[in-house]
Amino acid sequence: QAQLMESGGGSVNSGGSLRLSCTTSGYTWSAYCVAWFRQAPGKGRERVASIDSEKTIFYADSVQGRFTISQDSGKDTLYLQMNNLKPEDTAKYYCAHSPLECHSGVDYDENDFRFWGQGTQVTVSP
C-alpha cells in the first residue's frame with residue numbers, strides 16, 4: 001500500500017512562490033501516475049499537475065507556465081514548484097498515487113487515484 005505525505009504549504013502574498021513536497025513509500029509498481037490535486041472551500045478536488053512512469057506530464061490550464069511538477073532521481077519524492085501565485089490558487093493541496101499511467105488527453109479525476117496524502121494548505125493573499 002502506497003503512503004504519501006505532503007509538506008511545504010504556507011501563506012504568501014500574490015506573486016510569491018512556494019514549493020510543495022510529497023514523500024512516497026510502500027509501492028513497487030513499475031507503472032504509476034503521481035499527481036497534485038487541490039481543493040478550495042466549497043469546490044471539488046481539481047487535478048493540478050501529474051507525472052507518470054512514462055514521464056507524461058499534465059498541467060491544468062489554470063497553472064500552466066506557473067507551476068512545475070518534478071520527481072527526485074529516486075522517484076520517492078514528488079515536488080510542485082509554484083511561482084507567481086495568485087489568490088485563486090488558495091486551496092488545500094494533496095498528492096495522490098495511481099498504479100496506472102496517466103495518458104495524455106484523458107481527463108482523470110480523484111476517483112482514478114487510489115492513495116492520498118493528508119494535504120497541505122496554501123494561502124495566497126492579494
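Predicted model, so just to flag it, every value in this text is computed and none were measured. Both backbone and side-chain heavy atoms feed into the values below; hydrogens, waters and symmetry mates do not.
Interatomic distance, CH2 of W36 versus OG of S50, reported as 12.5 Å (0.5 Å rounding). The SG atom of C102 lies 7.5 Å from the CG atom of D112; values are rounded to the nearest 0.5 Å. The CG atom of L78 sits 7.5 Å away from the OG1 atom of T24 when rounded to the nearest 0.5 Å. The OH atom of Y79 sits 5.0 Å away from atom CG of D72, with the distance rounded to the nearest 0.5 Å. One distance of note links CZ of F58 with OG of S104; it measures 10.0 Å at 0.5 Å rounding. Here CG of L80 is found 10.5 Å from SG of C22. Values are rounded to the nearest 0.5 Å.
Proximity of Q118 to M5: side-chain heavy atoms (C-beta onward) are separated by under 4.5 Å at one or more points. The shortest distance between side-chain heavy atoms of L20 and V122 falls below 4.5 Å. Here the side chains of P99 and R114 are in contact, with some heavy-atom distance below 4.5 Å. With a 4.5 Å cut-off on side-chain heavy atoms, V34 and D52 do not count as touching. Side chains of S125 and N13 form a contact here, defined as non-hydrogen atoms less than 4.5 Å apart. H97 places a side-chain heavy atom less than 4.5 Å from the side chain of L4.
A donor-acceptor distance shorter than 3.5 angstrom exists from the side chain of T120 to the backbone of G9, with no hydrogens or angles considered. Checked by atom type and distance alone, the side chain of Q39 never pairs as donor or acceptor with a backbone atom of K92 at under 3.5 Å.
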Show every donor-acceptor pair shorter than 3.5 Å between a side-chain atom in residues 81-91 and any protein atom, with sequence neighbours excluded, or say none if there are none.
unit_1 : atom_1 : unit_2 : atom_2 : d
Q81    : NE2    : N83    : OD1    : 2.9
N83    : OD1    : S17    : OG     : 3.0
D89    : OD1    : R38    : NH1    : 2.9
D89    : OD1    : R66    : NH2    : 3.0
D89    : OD2    : R66    : NH1    : 2.7
D89    : OD2    : R66    : NH2    : 3.4
D89    : OD2    : K86    : N      : 2.8
T90    : OG1    : P87    : O      : 2.9
T90    : OG1    : V124   : N      : 2.9
T90    : OG1    : V124   : O      : 3.4

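Within a 6.0 Å radius of CG in D107, no more than 12 heavy atoms belonging to other residues, nucleotides or ligands are found.
Scored by the side chain to side chain contact (heavy atoms under 4.5 Å, CB included) test, Q64 finds Y59 as partners (sequence neighbours excluded). Taking E101 as the reference, nothing meets the salt bridge (charged side-chain N to carboxylate O under 4.0 Å, His left out) condition, with sequence neighbours excluded. Judged as a side chain to side chain contact (heavy atoms under 4.5 Å, CB included), and not counting sequence neighbours, the contacts of K55 are I51, Q71, K75. In this structure, the side chain to side chain contact (heavy atoms under 4.5 Å, CB included) partners of S7, at least two apart in sequence or on a different chain, are S21.
Residue F37 shares its hydrophobic cluster (ILVMFWY side chains chained together at separations under 4.5 Å) with Y94, V106, Y108, F113, W116.
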